[in-house]
Number of protein chains: 2
Amino acid sequence: MTPAGRRIVAAAEELFYNRGITAVGVDLIAERSGVTKRTLYNQFGSKDHLVATYLAERDRRWRSLVRAAVEDCDDPVEAVTAPFDALRTWSRTNTRGCAFINALAELPDPSHPAHRIAAEQKLWLQSLFKELATAAGCSAPDALAVQLLVLHEGALATQPLPLDTLSDSTDLARAIVRAGAPPHW
Amino acid sequence: MTPAGRRIVAAAEELFYNRGITAVGVDLIAERSGVTKRTLYNQFGSKDHLVATYLAERDRRWRSLVRAAVEDCDDPVEAVTAPFDALRTWSRTNTRGCAFINALAELPDPSHPAHRIAAEQKLWLQSLFKELATAAGCSAPDALAVQLLVLHEGALATQPLPLDTLSDSTDLARAIVRAGAPPHW
DNA sequence: TCAGAAGTTCACAGATCAGTGTACCCGGGA
DNA sequence: TCCCGGGTACACTGATCTGTGAACTTCTGA
């Protein structure tokens, strides 16, 4: 991707996430990234393609944050809930909920690439939970992974409320992991 | 509200929920409800006000469904998780996630009435969980209510995924309620 | 009988939207 | 020297957006 292309995606990320996709016009993105609208269309072809690139880039950044949090854990039982620690970090600078859920809300057409990217992101996290739960020796890793995913998404969705939902979610996540893990690791 | 007003809100509900708020124009809503755009503006004054009415109406319908599910329960311990049964019913005809979360995604301005309505809806459910948990004699009803809220919102947010997240969420909800409730009710 | 509320008809304003066409500039590599 | 890719400048299209003005009809209740 060219330097101008990177600036466009960066501006699109900030604007799409904070103001909504439909509400942000390509003219504004071009202006914010110090680029002509012509350049934007030469690079991405359409607004839909730019939206897909924005989501893919965001997904990439978020996955690397989660992976780092998991790798920082020595104890395999603690590692299962490491994504919740990553979420705490992530939420400090991302206070408008989940970009993927938000994108699906605005783009009802299931054939839009945003749907595939969003689904892949959630399913990736679910399979990560399952892997980690299996590695920690948890019983019923499938159901556990789904429950951890729900807690994760719920904590993200309730972000705008004046409640510390992330703490209570993390507590519950740790509790169900410990309950499923072998007693004395 | 006049007959035309009711038809407008009904059309707005269907269109806003399924296609997104910004993506739906007032012309389309007027056409679908068999009404002139002039009438729409005479009744609601602005699109923002119509959006607020749509959300308020949806909230009203949803609360009455939840209340009915709770009142159907004889056992106070079962009653705590009755909103999850209501969600199962609700999800059969509402497959595009939470209308309130989706609205917040599109309307970033916190002074928009949609933000107040959405927050009130979530906090109402949380306080309902707390009331029910207290009535069932659960210990730590505050934290339990937040955890049940997170599970509820998480199940709703993961609706588009090819996973039965509602079942696993409901199972976990029942488990934590039973764990907190007095042993032999 | 008459007033007022609800609704229609239709043209219109002013802004914004995604996307295009064309001509041009500039730097680096063959 | 020349070419070409990345980028600029800028006008423009055609559609769509929210919202308004003004005159008209139709029904109902006092």
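Protein chains get the first letters and strands the later ones, always in sequence-line order, with residue 1 at the start of each.
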Please state how far atom [atom1] in [X] lies from atom [atom2] in [N], giving the value in whole angstrom units.
X	N	atom1	atom2	value
B:Tyr41	C:dG7	OH	C1'	17 Å
B:Lys37	C:dC12	NZ	C1'	10 Å
B:Asn42	D:dG21	CG	P	11 Å
A:Arg38	D:dG5	CZ	P	16 Å
B:Leu28	D:dT18	CG	C1'	14 Å
A:Asp48	C:dG19	CG	P	7 Å
A:Lys47	C:dT16	NZ	P	15 Å

task = Look at the side chain of B:Asp27 and decide which nucleotide, out of D:dA22, C:dT20, D:dT18, has an atom nearest to it.
result = D:dT18
inquiry  = I want to verify a distance call: between D:dT8, C:dG7, D:dG19, whose nearest atom is closest to the A:Thr39 side chain?
reply    = D:dT8
Is [Y] paired with [X] through a side-chain N to carboxylate O contact shorter than 4.0 Å?
X	Y	answer
B:Arg19	B:Glu14	no
A:Arg67	A:Glu71	no
B:Glu13	B:Arg61	yes

message = For D:dT8 and A:Thr36 - does any side-chain N or O of the residue sit under 4.0 Å from the phosphate oxygens OP1/OP2?
response = yes
key: Phosphate contact (C:dG7 OP1 or OP2) by B:Thr2 side-chain N/O below 4.0 Å   = yes
